[in-house]
Trainee: 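This is the structure I have questions about; it appears just below.
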Amino acid sequence: MSIDILAFGAHPDDVECAAAGVILKTIKNNGKVVIVDLTKGELGSFGDQHSRGKEALQASAMLGIIAREQLNLRDGNIENTHENRLKVIHLIRKYQPKIILANAVFDRHPDHKKAADLIREASFLSGLRKIETFEQGEMQLKWRAGAVYHYIQDYFIKPDVVVDITDFFTKKTEVIQAYDTQFVSASDSGAVGILNLLKQIESTNQIFGRAIGVQYAEGFTCERYIGAKDLLDLI
Ligand SMILES: [Zn+2]
């Protein structure tokens, strides 16, 4: 199997909050997307791992992704260990993505930075033939995605690349609201309440969009520089 985007999130809902627009746009253009949740988000202040699991399934259906994987790492204690890197490498080789999305390089929740480091390192190591992983008893082929982009979630980070999601912004807000116990049923006046969350996401997406003359955009950082076949492809 070869897909377009393999999107990792420390917790169910990270990918939706930060990159649902790009995912919806990719799928609209007949792209294939898979999401991987590193944890079940069992330490979340609202709901529990069962409700979050159900909500993630609903969000997946709304996005139109072809699969969602759960790595069952420990929420609040994501570690960049050899064992965890092998779990990530296994999924990269299984899906052979063109690009990988990962958590923000620093953020309010400490798991996000840890997830970013784990995924970025595993993404490189996945291209090394002598690191062996197996799928149903068969040794997997090495695979390195073309790029790893870190989405921008809670804290503001200056992006290296922004993508126009204007046509998908409304649907993105609907997908986020699938996480009922996390956001919708939480107090609307609280920091994690749905109204504040959607306002914050809208503001961020507007700031990123303004720079390229569109209404809404999502922003990403990339360790290497951005390449284009033609300068005129960039806006
Ligand atoms: Zn998170």
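First listed ligand is number 1; within each ligand, the first listed atom is number 1. The structure displayed is predicted, hence computed values, not measured ones.
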Trainee: List in chain and number order the residues that pass side-chain hydrogen bond (donor to acceptor under 3.5 Å, both in side chains) with E69, two or more places apart in sequence or in another chain; answer none if no residue qualifies.
Mentor: K94, Y95

Trainee: So, H112 versus D14: side-chain donor-acceptor pair below 3.5 Å or not?
Mentor: yes

Trainee: With sequence neighbours excluded, tell me which residues meet salt bridge (charged side-chain N to carboxylate O under 4.0 Å, His left out) with D167.
Mentor: none

Trainee: Check ring-ring contact (aromatic ring centres under 6.0 Å, His included) between F169 and all other residues, then give those that pass, not counting sequence neighbours.
Mentor: Y216

Trainee: For the Zn ion (ligand 1), report each protein N, O or S atom nearer than 2.8 Å, sorted by chain and then by residue number.
Mentor: H11 ND1, D14 OD1, D14 OD2, H112 NE2

Trainee: Do D75 and H11 get their side chains close enough for a donor-acceptor pair, meaning under 3.5 Å?
Mentor: yes

Trainee: Could you tell me whether the side chains of R93 and T133 share a donor-acceptor contact shorter than 3.5 Å?
Mentor: yes

